[in-house]
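To keep things clear, I will list the structure first and then write my remarks on it.
What you see below is based on every heavy atom in this structure, not just the backbone, and it leaves out hydrogens, waters and symmetry mates. Just so it is clear, the structure is predicted and the values come from calculations on it, not from any experiment.
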Amino acid sequence: MGLLTAVKGGLRRALMARSSGIDLSRLDKVPQRLSWPLTRDVMAPSARLSAERDKAPVHKLTTFLGMDVWLVTGDAEAREVLGATTGYSTDIRPYFGRAGDEGGDFGGLGFTDPPDHTRLRKFLTPEFTMRRLARLAPLVEDTVERQLDEVEAGVGADGIVDLVPTFAFPVPFLVICDLLGVPNERRERFSQLATARFDVTKGGQGVVGAIGGSREFLLGEAARQRQDPGPGLIGQIIREHGDEISDFDLGGLADGVFTGGLETSASMLALGTAMLADDRETWHRVAREPEVVAPVVEELLRLLSVVQVAFPRFPQDDVVVGGVPISKGSVVLASLPAANRDPRSTAGDRIDLERAGSSHLAFGYGFHRCVGAELARMELRAAFPRLAARFPDLRPAVPIADLEYRAQSIVYGVEAVPVRIG
């Protein structure tokens, strides 16, 4: 028994040593002391998280697997961390042991540092300029109208229809498929790969498997389009840059567009509709007044902050954040919902159309800010007013507090939004 224990301990130490002492891919559960900031009070940050922000916007959350974990909840302090151009890394691969080394599953922009980040982002940025996105506007509008028909057709005998499968998910999914150039016959498989990668209930094992699945799909799509470039983003990058980018890097970029542009927009459409439909005055204003749509969307982005935690930052040296010293070897997590409702610098928990603007942190901040932010805005600005105009009497079929929210997900969302369209 003693020998077996010693052998197991030696193997475990060897595994941990090869990945900076930590292998999150072997973790089957994230402990509550680490995951509690992901819980919410319906759509708002939990009372506990808000209280921690107001008391200490930078504080040590816990020590996990020997690493100090710091939580940043204030708006100014989050910008200080996320806006830093040096001193931090976002490369999480050393903490995922063999999965990070062999699978290469954690590439793309979010987990890549300069100069690789700079090199890769230059391939994507031109595809998301307002000029190039303008060509997608008719597609977005047509997709929204088509799905509104699906909403009406989906009403059951009880007068209720679920907006998630009929509207909130299909709109960004169909747009992202067209954007990437994924052919129709491959879209069903593609749609199965979205949500699991953000769910931390199964720990690192679940995340690794989910990320690997979507990346494998898009690596295959990049290789296929290398021979026959399609009309979408993947084919466009191949035509313009050819041998400058490998299939691996192209698949990683496509995967980042997929995950960043699908689940987040779907959650915004689902949660945003529930929030708006529960606020009858704003719901009717969105339908009647085109000029109010843009500020309403910005306030929904700020208040909902569906991306709950920015990409983790790993200090490369000792740093000071908000006057608090943090040691090299720690990890710093910025809570976007808490920061976006910080009463010191925002309108807090209320919709304020007079102060609404795009300076919130819903899309992140600094050089890791979401490259697809303007596409998301385009979808939301097209969807909400058309939905409200088509169904002015639409109301939640159950109290929004009773919806089935995702308990522990990095991208906050809801499983179903049953409504009565009147």
Side-chain angles (χ1 to χ4, degrees), residues 40-45 140-141 143-144 147-148 151 161-173 175 195 260-290 292-308 336-337 340-341 346-347 349-353 356-358 360-363 370 372-392 394-401 403-406 409 411-421:
R40 295 216 191 178
D41 291 341
V42 189
M43 298 186 195
V140 172
E141 294 165 3
T143 301
V144 169
Q147 291 309 131
L148 290 176
V151 170
V161 60
D162 182 2
L163 287 183
V164 171
T166 57
F167 190 74
F169 182 86
V171 168
F173 175 71
V175 170
T195 303
L262 174 56
E263 190 65 19
T264 52
S265 292
S267 290
M268 274 301 305
L269 285 172
L271 295 173
T273 300
M275 179 177 278
L276 280 178
D278 202 48
D279 178 350
R280 303 311 299 172
E281 180 181 355
T282 307
W283 179 258
H284 291 304
R285 286 193 68 188
V286 166
R288 296 192 312 263
E289 304 172 32
V292 84
V293 173
V296 164
V297 165
E298 296 305 325
E299 281 294 86
L300 289 174
L301 286 165
R302 179 182 70 83
L303 289 170
L304 293 172
S305 294
V306 296
V307 178
Q308 303 218 70
L336 302 184
N340 271 335
R341 293 185 183 228
T346 75
D349 294 330
R350 62 188 179 88
I351 290 180
D352 187 345
L353 299 184
S358 60
H360 53 73
L361 301 176
F363 294 113
C370 176
E374 293 309 315
L375 175 60
R377 286 189 170 104
M378 180 187 293
E379 292 173 344
L380 299 176
R381 289 172 182 173
F384 289 133
R386 285 172 170 79
L387 183 64
R390 178 81 168 264
F391 306 118
L394 183 148
R395 295 175 184 270
V398 298
I400 60 173
L403 296 176
E404 186 182 351
Y405 296 96
R406 293 178 191 143
S409 181
V411 174
Y412 193 60
V414 65
E415 298 300 329
V417 180
V419 296
R420 298 182 186 277
I421 65 172

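- Contacts of Tyr412 classified as ring-ring contact (aromatic ring centres under 6.0 Å, His included), with partners at least two apart in sequence or in another chain: Tyr405.
- The main-chain N or O of Arg420 is never found under 3.5 Å from a side-chain atom of Arg395 such that the two would form a donor-acceptor pair.
- Contact annotation: the side chain of Phe167 never approaches that of Val417 to less than 4.5 Å [non-hydrogen atoms, C-beta and beyond].
- Contact annotation: the side chain of Met43 approaches that of Ile400 to within less than 4.5 Å [non-hydrogen atoms, C-beta and beyond].
- Residues meeting the side-chain hydrogen bond (donor to acceptor under 3.5 Å, both in side chains) test with Glu374, sequence neighbours left out: Arg377.
- Arg406 has its side chain within reach of Ser267: a pair of non-hydrogen atoms, C-beta onward, lies under 4.5 Å apart.
- Side-chain atoms of Leu387 and Trp283, non-hydrogen and from C-beta on, do get closer than 4.5 Å to each other.
- Contact annotation: the side chain of Asn340 never approaches that of Thr346 to less than 4.5 Å [non-hydrogen atoms, C-beta and beyond].
- No option in Leu300, Val144, Thr282 other than Leu300 meets the side-chain contact (heavy atoms from CB on, under 4.5 Å) test with Phe384.
- In terms of heavy-atom proximity, Leu403 sits nearest to Val398 at CD2-CG2, 3.6 Å.
- The backbone N or O of Arg302 sits less than 3.5 Å from a side-chain atom of Ser305, completing a donor-acceptor pair.
- The two residues Gln147 and Thr166 make their nearest non-hydrogen contact at NE2-O, 2.6 Å.
- A donor-acceptor pair under 3.5 Å is absent between the side-chain atoms of Arg390 and the main chain of Arg386, judged by distance alone.
- The pair Arg381-Glu298 meets the salt-bridge criterion, since a charged nitrogen lies less than 4.0 angstrom from a carboxylate oxygen.
- The OG1 atom of Thr273 lies 11.5 Å from the CZ atom of Phe391; values are rounded to the nearest 0.5 Å.
- Between Val306 and Met268, the closest heavy-atom pair is CG1-SD, 3.8 Å.
- Val151 is not listed as a side-chain neighbour of Val419, based on a closest heavy-atom distance of 4.5 Å or more.
- Here the closest heavy-atom approach between residue Leu269 and residue Pro172 is recorded as CD1-CD, 3.8 Å.
- Between Leu361 and Leu336, the shortest heavy-atom contact is O-CD1, 3.5 Å.
- The salt bridge (charged side-chain N to carboxylate O under 4.0 Å, His left out) contacts involving residues 264-288 comprise Arg285-Glu289, where partners must be two or more places apart or lie in separate chains.
- Side-chain atoms of Glu379 do not come within 3.5 Å of backbone N or O of Val140 as any donor-acceptor pair.
- The backbone N or O of Asp352 sits less than 3.5 Å from a side-chain atom of Glu299, completing a donor-acceptor pair.
- Aromatic ring pairs are classed by plane angle as parallel below 30°, tilted from 30° to 60° and perpendicular above 60°; the pair His360 and Phe363 is tilted.
- Contact detail for Leu303 and Arg341: the closest heavy-atom pair is O-NH2, 2.8 Å.
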